[in-house]
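Notes follow the structure.
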There are 2 protein chains.
Amino acid sequence: MKYLEKLRNSGLRPTKQRLQICEVLFNTNKTFHFTINDLSEKIKKQTSKKISLATLYNTVHAFEKKGYLKQIPINSGQAYFDTNVTDHHHFYDLKEEKLIDLKNSDVGPINILKKINGKKIKSVEVLVKLED
Amino acid sequence: MKYLEKLRNSGLRPTKQRLQICEVLFNTNKTFHFTINDLSEKIKKQTSKKISLATLYNTVHAFEKKGYLKQIPINSGQAYFDTNVTDHHHFYDLKEEKLIDLKNSDVGPINILKKINGKKIKSVEVLVKLED
DNA sequence: TTTTAGTTTATAATGATTCTAAAAAGGTGT
DNA sequence: ACACCTTTTTAGAATCATTATAAACTAAAA
């Protein structure tokens, strides 16, 4: 069990459900974007068991807090998550309603010149909206 | 009525409600960020009349489509709008849950090197998350 | 003023997310 | 294996933002 230790080390009990979710999210060489509903469907297909929505919400938020997932800032009715937690950006295709990764090197260095007193920068995210 | 013509020229009938909303949104030299609920409260205070939520949603979306408002890409349970429709960016203070404008010149030029076939760039928006 | 199409409204419906409280399961010590 | 305690899961209810509905209203045109 390759995720068992990862979970334990994070202080998260390696439950059946969490291990299954890890398989679906991380046992692939491609990263991807998903909503909670997408994840629910994916799990229904890939494994034959069902995991309750409440658990999916709990787990995704727990993984996000641990840095295993990132939420993507976008205006959509639902929350989008990314299994790619490296520093990068996104295209958003308005017509297809689809997100596309943008490597940091495809954007170039971004230098924030303004400083806010007593606050430090946690992240800098670029969203590039696309139209036809 | 300074907004009457603006609305007419946009193909929007200058109704009592829309004119009131214009007053609250645009009759100030400061731009600001708001949610539909914020706007509802502001209207209740500034004018003594109430406008139904449905109308606020309709009107804000109509104004957005006409380019009089912009929606800000952020992960929050509710939609945030900006009366500043010029090209600019945002800080998001995670603790205070508050948005702060970032002038384009405070970020410097952003050059998107990757191109997507058949799509053109509609907007480039930067969100800088702040923590203590 | 009559007509027409666009607008407002209360309310219902929807959809995503969070809450709740009870049952189940993981981990530890015996 | 067993008992104990704590965390986790779960179905279902509750909440919150947003959209849909359909009837009443109103601006503008004929």
Side-chain angles (χ1 to χ4, degrees), chain A residues 1 3-24 33-44 47-66 68-69 71-81 97, chain B residues 1 3-25 33-44 47-66 68-69 71-81 97 99:
Chain A
M1 287 298 149
Y3 300 113
L4 206 143
E5 216 171 332
K6 178 178 177 175
L7 288 173
R8 269 217 190 92
N9 293 340
S10 318
L12 297 171
R13 285 191 183 169
T15 64
K16 256 200 328 271
Q17 291 86 346
R18 284 177 178 161
L19 289 167
Q20 264 175 238
I21 293 171
C22 280
E23 289 290 334
V24 171
H33 309 122
F34 67 94
T35 65
I36 296 288
N37 218 63
D38 293 341
L39 180 57
S40 177
E41 296 297 320
K42 223 171 166 73
I43 285 172
K44 248 184 265 175
T47 79
S48 47
K49 298 147 196 162
K50 60 183 159 219
I51 298 179
S52 84
L53 268 188
T55 299
L56 294 181
Y57 276 98
N58 286 341
T59 304
V60 165
H61 287 144
F63 284 6
E64 189 195 3
K65 191 167 294 177
K66 295 296 179 186
Y68 303 148
L69 291 173
Q71 197 173 347
I72 303 166
I74 193 181
N75 300 103
S76 167
Q78 60 230 295
Y80 275 84
F81 295 90
E97 297 187 350
Chain B
M1 288 298 148
Y3 300 113
L4 207 143
E5 214 170 333
K6 178 179 177 174
L7 288 172
R8 267 216 193 92
N9 293 340
S10 319
L12 297 170
R13 285 193 183 168
T15 63
K16 255 199 328 269
Q17 291 86 345
R18 284 176 179 162
L19 289 168
Q20 265 176 237
I21 293 170
C22 281
E23 290 289 333
V24 171
L25 291 180
H33 310 120
F34 66 94
T35 64
I36 296 289
N37 218 64
D38 293 340
L39 179 57
S40 177
E41 295 297 320
K42 224 171 165 76
I43 285 172
K44 249 183 262 174
T47 79
S48 47
K49 297 145 197 163
K50 61 183 159 218
I51 299 178
S52 83
L53 267 186
T55 299
L56 293 181
Y57 276 99
N58 287 340
T59 304
V60 164
H61 287 144
F63 284 7
E64 187 194 4
K65 191 168 292 176
K66 295 297 178 184
Y68 303 148
L69 290 173
Q71 197 173 348
I72 303 167
I74 193 181
N75 301 102
S76 167
Q78 59 229 297
Y80 275 84
F81 297 89
E97 297 187 352
L99 285 159

Q) Nearest nucleotide by nearest heavy atom, which residue falls closer to the 5' end of DNA chain D, A:Leu56 or B:Gly77? A)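 Its nucleotide being nearer the 5' end, the pick is A:Leu56.
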
Q | Residue whose closest nucleotide on DNA chain D lies nearer the 5' end, A:Lys16 versus B:Ile36 | A | A:Lys16

What protein N or O atoms touch nucleotides 9-13 of chain C N or O atoms at under 3.5 angstrom, if any, and at what distances?
from: C:dT9; atom 1: OP1; to: B:Gln17; atom 2: NE2; distance (Å): 3.2
from: C:dT9; atom 1: OP2; to: B:Ser52; atom 2: N; distance (Å): 3.3
from: C:dT9; atom 1: OP2; to: B:Thr55; atom 2: OG1; distance (Å): 2.9

Could you tell me the separation between the [atom1] atom of [X] and the [atom2] atom of [Y], rounded to the nearest 0.5 Å?
{"X": "B:Tyr68", "Y": "B:Ser10", "atom1": "OH", "atom2": "OG", "answer": "2.5 Å"}
{"X": "A:Gln71", "Y": "A:His61", "atom1": "CD", "atom2": "NE2", "answer": "6.0 Å"}
{"X": "A:Ile21", "Y": "A:Lys16", "atom1": "CD1", "atom2": "NZ", "answer": "12.0 Å"}

N/O (side chain, [X]) to phosphate O (OP1/OP2, [N]) under 4.0 Å:
{"X": "B:His61", "N": "D:dT19", "result": "yes"}
{"X": "A:Thr15", "N": "D:dT9", "result": "yes"}
{"X": "A:Arg8", "N": "C:dG27", "result": "yes"}
{"X": "B:Tyr57", "N": "D:dT18", "result": "yes"}

Side chains of residues 34-41 of chain A: which donor-acceptor pairs under 3.5 Å do they make with residues two or more places apart or in other chains?
from: A:Thr35; atom 1: OG1; to: A:Asn37; atom 2: N; distance (Å): 3.4
from: A:Thr35; atom 1: OG1; to: A:Asp38; atom 2: N; distance (Å): 3.0
from: A:Thr35; atom 1: OG1; to: A:Asp38; atom 2: OD1; distance (Å): 3.3
from: A:Thr35; atom 1: OG1; to: A:Asp38; atom 2: OD2; distance (Å): 3.2
from: A:Asp38; atom 1: OD2; to: A:Thr35; atom 2: N; distance (Å): 3.0

Q. Between A:Gln17 and A:Ile51, what is the shortest heavy-atom contact and its length?
A.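 In this case the closest contact between A:Gln17 and A:Ile51 is O-CD1, 3.8 Å.
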
**Q.** Contact summary for B:Leu99 and B:Tyr80, nearest pair of heavy atoms
**A.**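 Closest approach of B:Leu99 to B:Tyr80: CD1-CD2, 3.7 Å.
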
Q. Hey, does B:Phe63 have a side-chain heavy atom less than 4.5 Å from the side chain of B:Leu7?
A.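 They are in contact (side-chain heavy atoms under 4.5 Å apart), so the answer is yes.
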
Q: Please tell me if the side chains of A:Ile43 and A:Lys50 come closer than 4.5 Å, counting only heavy atoms from C-beta onward.
A: no

Between protein and nucleic acid, restricted to nucleotides 1-5 of chain D and to nitrogen or oxygen atoms under 3.5 Å apart, what atom pairs and distances do you find?
none

